[in-house]
Amino acid sequence: MTDYWVVLLLTLTLAACRPGPSESGAVDAGATEAGTAAAGDAAIVLPGPDEHSYARPDQVVVRHLLLELAVDFEARVLAGTATLQLDWRDPAATQLVLDTRDLEVSAAEAQDAAGFWQPLAFSLGDRHAILGTPLTVQTPGQPASVRLTYRTVPSASGLQWLSPAMTQGKQLPFMFSQSQQIHARSWVPLQDTTLVRFTYEAHLQTPASVMALMSADNDPAAERDGDYRFSMPQPIPSYLLAIAAGDLVFQPVSARAGVWAEPALVAAAAAEFADTEQMIGTAESLYGPYRWQRYDMLVLPPSFPYGGMENPRLTFLTPTVIVGDRSLVALIAHELAHSWSGNLVTFALSRDAWLNEGITSYVENRLIENLYGKAWADMENVIERNGIADEFTPENLPLQRLAIEPGVLKDPDENLSATVYAKGAWFMQFLEQRIGRSDFDDFLRGYFDHFAFQSISSQQFADYAEENLLSRFPGKVSQAEFEAWLYAPGIPAFAPATVSERLAAVDAARAAWLANATLPPSTLTTGWTTQEWVHFLEGLPATLAEPQLAALDTAYGFTGTANAELAQRWYPLTVRSGYLAARPAIAEFLSRVGRRKLIMPTYSALAATPDGLLFAREVFAAARAALHPITIGSVTAVLATDPVP
Ligand code: BES
Ligand code: ZN
């Protein structure tokens, strides 16, 4: 642990004693080099610097953001101003360095003592393919506020713009953001690092017919008038900044939760997510109060590149989980769980992403168990863990550590790995089983309270666990075991196993079919949910003979399935097996769905043969216009077509 900054923490310690979200939440990333903390100052250790940001939070920290933006659908541009309220930490600092990507910045100004805005000199540096472009503003006199006038470009990596034809209703355009991990900088000039938290207010102007929403205090009864104001009083890291606008209507699922979606989808979405209030209540009983007021969900077009995104107060969701039987609501449990693990207690650097995703996957599974029973939770658990085997190879050992070493993670978008999700959750399950559920629940609840509205490192988690878990419950978990989970690659040999009886029945049915061609009878399969079908497909050999695939299709109709989780597994199998009958359905699937996890396996399978690659390129060429920039980047890399602009 040699690469940590010692951080002056007197102010943070004081702030943490004060009640109220805006005070207790202020992240103190102001850092000095080791050893410079004055005698008597409380000091803790924070990781730094952030290798994915040009910002210098050791010199100055953004505390509050004020956005004034016009949403221009014709030009596919956000244009206006961002005013940053600054907390200067280093008396010698003369510059404000911000992260940007492809922003057109036309002015930088500071407010003088009389309240007038005076121009500041500024310059944009070289563009880095992953990190974007540093914006350096000369700030003599350390002004309290700096205002940037800017506009985004139509290809902004954190925004997708959809024409009316690309929406469900076909009447109005649509736009939405995806800021995680480092795309906020493509639509707002800011310190795009998890080390910094800020509150924000925004004023948006859109065409009057369009509804605008943000990761803030959305009003379910807001009038559609093209003029919208938002406030987010809890301090958040930049990756939780979010915006969406389109033909969006609201339907409540409870007093504090509801669904925003296009009119044609909202009823189905509200029905699918009807258990949300019960999930919130369960999470609160385990981990303490929900601290973000409302919990609303926004159903996005199918081009949304992820399953879900935990934007505070407004989870963004793929429509592909609306399958009619609530079988994929673990996604809601997951994004809701981030209200504690992630949004309340945030990883300080992307290399500690497991603190968000691993703990969230653990909490997700606990919510599923509470609402739908252990058999269901076990299925989800086994399916998640089965993904580990495919991903852990001798080449990617450094990425199999929960606490990834500095320099290993080039692009933080490429960190949705089995390590951060499945291994992280498994670590938590291990601790729970060794310590005992009730004591472990108390520990996690205390952890969320202790680090509320802060960004922390794996080391801080380890120190807190040492004090509140390992020493408090001696003889249950050894230091060596704890460190093996955190710092060694792979899964420790002493990891606890999970079995799922329901999935064991699927294994037996699959084995019977492979051995003697007896398909699982409908008396069995009528009770199967998405999870059983996913497991059935995942356990099949890498390739099957054409008659076998045809038999499965005849019996269960996988080709053309409306369930994208099944399509994700079925189509790569057909591609590897040379089952050309599935191609038209593959083309349809790949042009309809943009969620990376669902479509990338099929693109990768196709790219493995020259003929498949040709077909994939054709499909991609037709689908590209409707895809999100993040997905376009991933597909382009696999198909080795033109580099992303
Ligand atoms: N926060 C993530 C999405 C994310 C992670 C975006 C890293 C960019 C970089 C979100 O909570 C998530 O984990 N989504 C998953 C769903 C889940 C049920 C595993 C997804 O989109 O697949
Ligand atoms: Zn997540």
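Here the structure is a predicted model, which is why all the values come from computation and not from measurement. Each ligand, and each atom within it, is numbered from 1 in the order the structure gives.
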I'd like to know if R437 pairs up with E432 as an ion pair, taking the criterion as any Lys NZ or Arg NE/NH1/NH2 lying under 4.0 Å from an Asp or Glu carboxylate oxygen.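 Salt bridge between R437 and E432, a charged N being under 4.0 Å from a carboxylate O: yes.
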Y372 and W376 aromatic ring geometry - parallel, tilted or perpendicular at 30°/60° bounds: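 Rings of W376 and Y372: tilted, 30 to 60°.
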Fit a plane to each ring of Y447 and F443, take the angle between them on a 0 to 90° scale, and name the class: parallel (under 30°), tilted (30 to 60°) or perpendicular (over 60°).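 Taking F443 first and then Y447, their aromatic rings lie parallel (interplane angle under 30°).
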Determine whether the side chains of D192 and S238 contain a donor N or O and an acceptor N or O closer than 3.5 Å. yes
Under 3.5 Å, is there a donor-acceptor pair linking the side chains of T530 and S327?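 Looking only at side-chain atoms, S327 and T530 do form a donor-acceptor pair, the distance falling under 3.5 Å.
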Run the numbers for me: atoms of ligand 1, each under 4.0 Å from some heavy atom of [X], listed by number.
X: E310; result: 1 (N), 2 (C), 10 (C), 11 (O)
X: L331; result: 16 (C), 18 (C)
X: H338; result: 11 (O)

For the OG atom of S303 and the CD1 atom of I632, what is their distance to the nearest 0.5 Å?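 Here the rounded value is 9.5 Å.
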Drop me the distance from N356's CG to Y421's OH, to the nearest 0.5 angstrom. 9.0 Å
Of all the non-hydrogen atoms in the protein, which one sits nearest to [atom], and at what distance?
atom: atom 21 (O) of ligand 1; value: G307 N, 2.6 Å
atom: atom 7 (C) of ligand 1; value: L416 CD1, 3.4 Å
atom: atom 2 (C) of ligand 1; value: E357 OE2, 3.2 Å
atom: atom 11 (O) of ligand 1; value: E335 OE1, 2.7 Å
atom: atom 12 (C) of ligand 1; value: Y421 OH, 3.4 Å
atom: atom 4 (C) of ligand 1; value: Q180 OE1, 3.1 Å
atom: atom 22 (O) of ligand 1; value: R595 NH2, 3.0 Å

Any N/O pair [X]/ligand 1 closer than 3.5 Å:
X: E364; result: no
X: D413; result: no
X: Y306; result: no

Nearest non-hydrogen atom to atom 14 (N) of ligand 1 belongs to which of A353, G308, A333? G308
Looking at the Zn ion (ligand 2), is one of the N, O or S atoms of E357 less than 2.8 Å from it?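 True for E357.
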Might you work through the side chain to side chain donor-acceptor pair (under 3.5 Å) test for H334 and E310, ending with a clear yes or no? CA-CA 8 Å; H334 180 97; E310 65 272 27; 5.8 Å; no
Does ligand 1 have an atom under 4.0 Å from some heavy atom of Q178? yes
Quick one: do T529 and Q531 satisfy side chain to side chain donor-acceptor pair (under 3.5 Å)? Show the steps, please. CA-CA 5 Å; T529 60; Q531 283 68 28; 3.2 Å; yes
List in chain and number order the residues that pass ring-ring contact (aromatic ring centres under 6.0 Å, His included) with H183, two or more places apart in sequence or in another chain; answer none if no residue qualifies. none
